[in-house]
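The structure under discussion appears below in the form of structure tokens.
Being a predicted model, the structure only gives us computed values, none of them experimental. The sequence lines fix the lettering, A, B, ..., with proteins before strands; numbering per chain opens at 1.
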Amino acid sequence: MNSRYDYAAIEKKWRAEWEKNPINKEDDKKPKYYCLDMFPYPSGSGLHVGHWRGYVLSDVLSRYKVLQGYQILHPMGWDAFGLPAENDAIKKNIHPAIGTANNIANVKRQLHEISAIYDWDREVNTTDPKFYKWTQWIFAQMFKKGLAYEKEMPLNWCPSCKCVLANEEAKNGVCERCGSVVTKRNLRQWMLKITKYADRLLTDLEGLDWPEKVKKMQTDWIGKSYGAEVDFPVKGTDLSLKVYTTRPDTLYGATFMVLAPEHEMVNEIATPENKKAVEDYCFAASTKSSVDRMTDKEKTGVFTGAYCINPLTGKETPVWVSDYVLSDYGTGAIMCVPAHDDRDFDFAKKFNLPIIPVISPEGEEEGELEKAYTGNGKMINSPAFNGMTSAEAIKFAPGYLEEHGLGKKTVNFKLRDWVFSRQRYWGEPIPIVHCPHCGAVLVPDEELPVLLPEVESYKPTDTGESPLSLIDEWVNTKCPKCGADAKRETNTMPQWAGSSWYFLRYADVNNDKELASKEALKKWLPVDMYVGGIEHAVLHLLYARFFTKFLYDIGVVDFEEPFLKLFNQGMINKDGAKMSKSKGNVVSPDDLVRDYGCDSLRMYELFVGPPEIDSEWDDSGIDGVFRYLNRVWKLIYNYKDKIIADTKETEFIRNKMSCEITTRLEALTMNTVVSGFMEYTNKLIDEAKKNDGISREALETLVILLAPFTPHLSEELWKELGHENSVFAEKWVEWDDSKLVLNTKEIPVQLNGKMRANITISTDENKESVLEKAKDALESRLEGLNIIKEIYVPGKIVNIVAK
RNA sequence: GCGGAUAUGGCGGAACUGGCAGACGCACUGGACUCAAAAUCCAGCGGUAGCGAUACCGUGUGGGUUCGAUUCCCACUAUCCGCACCA
């Protein structure tokens, strides 16, 4: 054994050894553990230390589970469709498939440096026809069930990406990918009916072991609300306007109505003298950017000239049009209660509309309202509800309206259907043929995959058509149903398609009969631990849950939730900013592996801070971990031939260490695991020096505990301790609870709550004796004082209260 | 605007159910080894006063509960995150 810790040689040796003899062997006698990383997009700039963080964490867990006797599925793959590869292809004039393959090769090389126990035989790649065959197949099954449909409607259009965006990709009216301001465009697109699953997506969140934050984000995104639909007859016609409200209790206070500019009845009800103004307003609204529509706080609007009748008061309510009303939520029309809604209040003030309060705040005088009162209170001016509180009325009102045939109880969701087509080349072709006679016809399952054809130019167009539409020989085909001349769908699927189900494919990557066999799915799924960034809280994670639920409904999988436990690792920043090539603050793992070794970097990735919090990369921080591993090396080097029997102290330290490391590892507080290692190893080193020797149990415990974190070092030291087998063939350490306390203990003594002395007691010492000792220790300080109270918390602390 | 989270030395951060605040590490200071340096080892390292034992102050701010509060309660401030005209 070398006196120096030669990490480079050790790591090279064991990596080769594991290549020949993988430490994770499939064995159906063992329980399974599926530990999954969110698979990366193979970008050209490669991995930085921030990417390592999650991968190290999941690998530590996987190796820990190996030691606990599980068979592990810990796979890796590539989410490789998408715009960057396509844009890169346009720039370099190479096929995106080639650029993608190059990037994969590079990132794969970098991933090898982590020494994770990935099973590369199970690699998946979303751009591989053998894979996207099944992405298309899932779409086909959705089509058959009526969950995939075509619709023409105003959609989010990113002028820079030149394609439509899903609602989830256009938060705040800005493209999630490139930050451009999104415009609205009327386009015919493929939609997936995710809204049909809204309730299940909401209620099933409850049982998941996920961060509360993510559950809340999904809950808010789904946005379930309870209320009522109320019909307002349009004066002088047979028409009526349907509105949705969550505040049916305030119906007596509804003094006007507002329609979204896109509402279908706008034209119908506008009076001739107002028609021109209304049309002008609606046209202006249609050209306004989504951002402006969302952020303009100043209300605008136009009167239609029409009036509705408030069904409860019988009074006339003028009907207005304003772009603060959303056309695609509720009914696209609202009743306005300016007294109790901020937005309606602003509108009423601006256009001088009547304000009638119907809720009176408790204990306050009625008077001219300066702003809307949105709190609870007593119902007033509301014959049917007077005497109730607003909380009572809100429950009572829907039933009352139903009884009188004025409306009905309803729930509404913010979640919209998923816009599922993109006008770009580098994605899965949608397996549809458009026939002049039969309409949209599915490509039969047995003809899948519909291969992505070669094309001259990948450049997107401004027309809302995919580059695929330029390839006549591909576009022109026969209708699978009637054989007539027909055209292929030229849109492709969004980037999220493959990632919505890839975790199923790992179970059975080579299957060409099914997306995965029933047996394989039963064996490995669902995912026990899913590790990845928070940025997918409502995108990927919502889509994947939706796909899983659909596949459950058609009998492909037998579970409804794909990811039982989720962990979001924080980002690693440098100089206070997210690492990026353009900022030049990228820290490369390659250099650190060269200078400190993989084991040091693995351990430092965990030590840098609490794993769920964003952390700042500290260049010299890794020195501390490196020094620590050198101390471990020296401990074994110096004492492996000086083995003595366990002393009371080492027995205590190794039991305590086993207990602490395991508890902290289970809690995923990885930074404290590392500090725990340092703390207890330092203690063992002190003991070894004191006794000029140390027990075999102490050294072996340390080496096994370290194995998931520093696998190469542990293997080497395990061999140095005289073992033939791999350390990963061992069992995870156990400890003896009865050895977690020593028989004597030092406890603090306080006088009036201030720490004044320490006393040594034996663990079973009685209260009287402890207090006696404590008072002795405080003797001089107690002179001239009267003891008022004596507190002893057994084994913890003594506090004497004296005056 | 609404909702959520966080606040501890020069820095990253520990502290289990209310019980020695600052574990562990970085940086720094002094010492040993060395011709010298690096590496390593030893010691110190919240603030103020003191040669010193020690004393007082100290977990964002102000109050409260308690023998005892980083931890619980109330109010406030700052920062970060999510949502944002969803009726």
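A ring-ring contact (aromatic ring centres under 6.0 Å, His included) with A:Y604 is found for exactly one of A:Y628, A:W617, A:W52, namely A:W617. A:R627 pairs in a side-chain contact (heavy atoms from CB on, under 4.5 Å) with only one of the listed residues (A:V625, A:N630, A:D623), which is A:D623.
Side-chain contact between A:L406 and A:L251 is absent, with no heavy atoms from C-beta onward closer than 4.5 Å. When side chains are defined from C-beta on, A:I359 counts as touching A:M379, because their heavy atoms get closer than 4.5 Å.
Closest to the side chain of A:I334, out of B:rG19, B:rA21, B:rA87, is B:rA87. Here B:rC20 is the nucleotide among B:rA14, B:rC83, B:rC20 with the atom lying nearest to any side-chain atom of A:N758. The side chain of A:T246 sits closest to B:rA87 out of B:rA84, B:rC67, B:rA87. Each of B:rG19, B:rA87, B:rC57 was ranked by its minimum atom distance to the side chain of A:K754; first place goes to B:rC57. Set against B:rC67, B:rA14, B:rA84, the side chain of A:K171 has B:rA84 as its closest nucleotide.
At most 12 non-hydrogen atoms from other residues, nucleotides or ligands lie less than 6.0 angstrom from NZ of A:K196.
Look at the P atom in both B:rA21 and B:rC16: the space between them is 14 Å, to the nearest Å. Straight-line distance between the P atoms of B:rA5 and B:rC20: roughly 27 Å, to the nearest whole Å. Comparing B:rG50 with B:rG68, their P atoms sit 32 Å apart, to the nearest whole Å. Comparing the C1' positions of B:rA37 and B:rG25 gives a spacing of 25 Å, expressed to the nearest Å.
Not one side-chain nitrogen or oxygen of A:K213 sits closer than 4.0 Å to the OP1 or OP2 atom of B:rG82. Dashed line: the shortest gap from a side-chain N or O of A:K796 to OP1 or OP2 of B:rG19 is not under 4.0 Å. Under 4.0 angstrom from either OP1 or OP2 of B:rC67 there lies no side-chain N or O belonging to A:R756.
The closest donor-acceptor contact from the side chain of A:W633 to the backbone of A:N2 lies under 3.5 Å.
Remark: aromatic rings of A:F347 and A:F256 are close, center separation under 6.0 Å. Note: A:F677 and A:F709 meet the aromatic proximity criterion, with ring centroids under 6.0 Å apart.
Computed from coordinates, the A:L251 CG to B:rA87 P distance equals 16 Å when rounded to whole Å. Following rounding to the nearest Å, A:D341 (CG) and B:rC85 (C1') show an atom-to-atom distance of 9 Å. If you measure from atom CD1 of A:I394 to atom C1' of B:rA87, you get 12 Å, rounded to the nearest angstrom. At whole-Å resolution of the value, NZ in A:K414 and P in B:rG82 are 15 Å apart. Between the C1' atom of B:rA15 and the CD1 atom of A:I797 lies a distance of 14 Å, rounded to the nearest Å. One interatomic measurement links the two molecules: CD1 of A:I613 to P of B:rG4, which rounds to 18 Å at whole-angstrom precision. Whole-Å rounding puts the A:I534 CD1 to B:rA5 C1' distance at 12 Å. Protein atom CG of A:N167 is 13 Å distant from nucleotide atom C1' of B:rC83, rounded to whole Å.
Between the side chain of A:Q750 and the base of B:rG19, a donor-acceptor pair under 3.5 Å is found.
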Exercise for the section: Determine, stepwise, if the pair A:K683 / A:D686 fulfils salt bridge (charged side-chain N to carboxylate O under 4.0 Å, His left out). Expected result: CA-CA 5 Å; A:K683 284 183 179 161; A:D686 288 347; over 6 Å; no
Exercise for the section: Give the intermediate values and the outcome of side chain to side chain contact (heavy atoms under 4.5 Å, CB included) for residues A:T255 and A:I355. Expected result: CA-CA 7 Å; A:T255 52; A:I355 300 173; 5.9 Å; no
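Aromatic ring orientation, A:F626 versus A:Y5: tilted (interplanar angle from 30° to 60°).
Comparing A:D614 and A:L326 along RNA chain B, the residue whose closest nucleotide (by nearest heavy atom) sits nearer the 5' end is A:D614. With RNA chain B read from its 5' end, the first of the two nearest nucleotides for A:P748 and A:K689 is the one closest to A:P748.
Among the atoms of the strands shown, only primed sugar atoms or phosphate atoms (P, OP1, OP2) are found under 4.0 Å from some heavy atom of A:V801. Backbone-only engagement by A:M217 is indicated by non-hydrogen atom pairs under 4.0 Å involving sugar-phosphate atoms exclusively.
Regarding the sugar-base torsion, B:rG9 falls in the syn class, its angle being within 90° of 0.
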Fill in the blank from the handout: Expected string for nucleotides 23-32 of chain B under the B/S/- scheme (protein heavy atoms, under 4.0 Å, primed atoms plus P, OP1, OP2 as sugar-phosphate) is BBSSS-----
Fill in the blank from the handout: Parsed dot-bracket for RNA chain B after applying the Watson-Crick and G-U rules with both distances under 3.5 Å and | for other-strand partners is (((((((..(((......[....))).(((((.......))))).((((....))))..(((((..]....))))))))))))....
